[in-house]
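Some notes on the structure that comes next.
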Amino acid sequence: MKKLLSLLLALVMVFGLTACGSPAEKPEKTQAPEKTEAPAKEAPAEEKETPAEEKEAPAEKDEKSDEEKTETADGDVIKIGVFEPFTGAAASGGELTYEGIELAFAEVPEVLGKKIELVKVDNKSDQVEASNAAQRLVDKDKVNAVIGSYGSSNSMAGGPVFQEAKVPAVGCSPTNPMVTKGNPYYFRVCFIDPFQGSVMANFAINQLGAKTAATIKDISSDYSVGLVKNFVDAFKEANGDDSIVSEASYKTGDQDFTSQLNNVKQANPDVIFCPGNYGECALMIKQARDLGIEAPMLGGDTWESPDFIKIGGENINKEVYFSSHFTSEKPLNDVSEAFLKTYKDKFNKDANAFAALGYDAYMVLIDAIQRANSADPQAIRDALAETKSFIGATGTISLDAEGDAVKSAVINQVKDDAFVYLQTIEPESK
């Protein structure tokens, strides 16, 4: 019996030691979370390696080479900003302009052995947005040069940004003189409003026999205000101070022009000059004809948009004339002829003035880069300032001391839901 008790006691002790062994192993398992947390504790050690720059040095070198690509173009890419309105009141003009830029880019996708990258930003037909978009191009995208914008107000909002950053910009169709005045970094391939305004005044006087005129301007548009002033100055010079019989105004976005038009109707002018955005002006013309106003209605280059005809409807075909930069009906040179064909093949429609100006702006910029033999923004600016006798789709382009193109203007009429070429007006030689 004692032997049996001794055996049982021995077995109990063995099992007891085995049971105590499990808790002894558990602490080893509880060490596992400490091991997984170890990398977190070691993180400071990794952070200490960063200031040493031994591992990060290659990354910093890559970043510097990226800056060189964008700022001095020592890399393989040259960035050209496309600064246009793709939404808002001027969206149609921005899209038409971009078609020409696209066409030129397809023909010349690289320069100086480097690929060209188009950086497209939407200035949203708004001056505040335009300033922000310009800032993004120079600060974030770090472009070497800029093309744009459609709309003088948009260009004037972005101009100080480009000037401060010393990044050259080539405007396609901003015609207000203040776009380039006092800004050595802004250029353009279009004529300016003093010429355009006098062209329309002389057309009204010489071709339409006008002795009196009324004006309706968009007071929120630098383009409209400036163009009306230049028309009035030229018209008064020819017909006297009393020849402007009515002056009215509105703001971008207005839809009802009944009040302004009734005042104009009472004055009974021979012609009405009302340049502005194609949308508001098309509505204005439609309402004028509905009110029984039959006087010819004249405008500027912004009217050359298919939407102008769509919005105006049948009334848009009644004595409506406007100045423009280009006509698809009359090629000016071999470049113009080739552009018309290529554009028609790609877009299955006739080219418009804004596409042609977008095309020329791109090509003038490429020419400057080639002549500078550099993509450094300052070198491009200096080469642009020396642009003389460049043969473009819209004619021969020479930039004067203010960075403005001296070139001819075209008069078009809206007829049978189409833009019909009437005549070309050459600038006076100085």
Side-chain angles (χ1 to χ4, degrees), residues 62-102 104-105 109 111 114-174 176 178-180 182-189 222-223 252 354 357-358 361-362 364-366 368-369 375-381 384 403:
D62 289 341
E63 288 176 7
K64 288 180 182 178
S65 64
D66 284 342
E67 289 180 4
E68 290 169 358
K69 284 181 182 181
T70 55
E71 294 181 2
T72 63
D74 286 340
D76 296 328
V77 177
I78 297 174
K79 289 188 176 183
I80 297 177
V82 179
F83 175 63
E84 292 290 338
F86 296 107
T87 57
S92 177
E95 291 290 354
L96 292 172
T97 303
Y98 188 64
E99 289 178 351
I101 296 172
E102 275 189 302
F105 174 66
V111 62
K114 306 174 191 298
K115 293 181 180 179
I116 296 170
E117 178 185 343
L118 294 180
V119 183
K120 186 178 175 184
V121 295
D122 181 10
N123 60 43
K124 301 181 182 180
S125 311
D126 178 85
Q127 294 182 46
V128 174
E129 293 290 348
S131 179
N132 292 337
Q135 202 72 57
R136 173 186 166 180
L137 283 174
V138 300
D139 287 345
K140 180 181 177 182
D141 299 311
K142 299 188 182 301
V143 296
N144 301 88
V146 175
I147 296 174
S149 170
Y150 175 97
S152 294
S153 295
N154 298 328
S155 296
M156 290 163 68
V161 177
F162 300 138
Q163 183 176 6
E164 183 178 355
K166 296 185 177 181
V167 172
V170 181
C172 306
S173 58
N176 189 295
M178 297 306 295
V179 170
T180 58
N183 187 342
Y185 288 84
Y186 225 123
F187 304 84
R188 59 181 137 203
V189 295
D222 295 309
Y223 165 84
T252 298
F354 300 120
L357 289 168
Y362 182 94
V364 163
L365 183 54
I366 296 303
I369 294 173
D376 174 70
Q378 184 64 45
I380 297 172
R381 192 228 75 87
L384 281 168

### Message
Under a 3.5 Å distance rule, please check whether Asn144 uses its side chain to pair with a backbone N or O of Ile78 as donor and acceptor.
### Response
no
### Query
Going through the distances and angles, do Glu95 and Phe86 end up as a side-chain contact (heavy atoms from CB on, under 4.5 Å)?
CA-CA 6 Å; Glu95 291 290 354; Phe86 296 107; 3.5 Å; yes
### Message
For Pro174 versus Val179, what's the shortest heavy-atom pair and its separation?
### Response
CB-CG2, 3.9 Å
### Task
Drop me the distance from Ile116's CD1 to Ile366's CD1, to the nearest 0.5 angstrom.
3.5 Å
### Query
With a 4.5 Å limit on heavy-atom distance, are the side chains of Pro184 and Arg381 in contact?
yes
### Message
If you define the side chain from C-beta out and look only at heavy atoms, does anything of Ser131 sit under 4.5 Å from Val161?
### Response
yes
### Message
Give me the atom names and distance for the closest heavy-atom approach of Ile380 to Ala145.
### Response
CD1-CB, 4.4 Å
### CA sep, side-chain torsions, deciding dist, call: Thr87, Ser125, side-chain contact (heavy atoms from CB on, under 4.5 Å)
CA-CA 7 Å; Thr87 57; Ser125 311; 5.8 Å; no
### Query
Looking at Ala157 and Pro160, what are the two nearest heavy atoms and their distance?
O-CD, 3.7 Å
### Task
Identify the heavy atoms of Asn183 and Gly159 that sit nearest to each other, and give their distance.
ND2-O, 3.1 Å
### Task
Could you tell me which non-hydrogen atom of Ala133 sits nearest to which non-hydrogen atom of Asp122, and how far apart they are?
CB-O, 4.0 Å
### Straight-line distance of Ile80 CD1 to Leu137 CG, nearest 0.5 Å
12.0 Å
### Query
Does the side chain of Ser152 come under 3.5 Å of the side chain of Asp222 through a donor N or O and an acceptor N or O?
no
### Query
Under the criterion side chain to side chain contact (heavy atoms under 4.5 Å, CB included), which of Leu357, Leu365, Ile147 is the partner of Ile101?
Ile147
### Task
Please check if the side chain of Lys114 supplies one atom and the backbone of Val111 the other of a donor-acceptor pair under 3.5 Å.
no
#### Entry: Donor-acceptor side-chain pairing of Gln378 and Tyr185 below 3.5 angstrom
yes
### Task
Measure the CE-CE distance between Met178 and Met156 for me, rounded to the nearest 0.5 Å.
6.0 Å
### Summary
With Tyr150 as partner, the option from Phe83, Tyr223, Phe354 fulfilling ring-ring contact (aromatic ring centres under 6.0 Å, His included) is Phe354
### Query
Are the charged groups of Asp141 and Arg136 less than 4.0 angstrom apart, N to O?
yes
#### Entry: Donor-acceptor contact present, side-chain Arg188 to main-chain Gly403, <3.5 Å
no
### Query
Which heavy atom in Val167 sits nearest to a heavy atom in Val138, and how many Å separate them?
CG2-CG1, 4.0 Å
### Message
Show, in sequence, the C-alpha distance, side-chain angles and deciding distance for Val170 and Tyr186, and conclude whether the side-chain contact (heavy atoms from CB on, under 4.5 Å) test is met.
### Response
CA-CA 6 Å; Val170 181; Tyr186 225 123; over 6 Å; no
### Query
Under the 3.5 angstrom rule, does the side chain of Ser149 hit a backbone N or O of Ser155 as a donor-acceptor pair?
no
### Query
Going through the checks in order, is the side-chain contact (heavy atoms from CB on, under 4.5 Å) test met by Val119 and Val82?
CA-CA 6 Å; Val119 183; Val82 179; over 6 Å; no
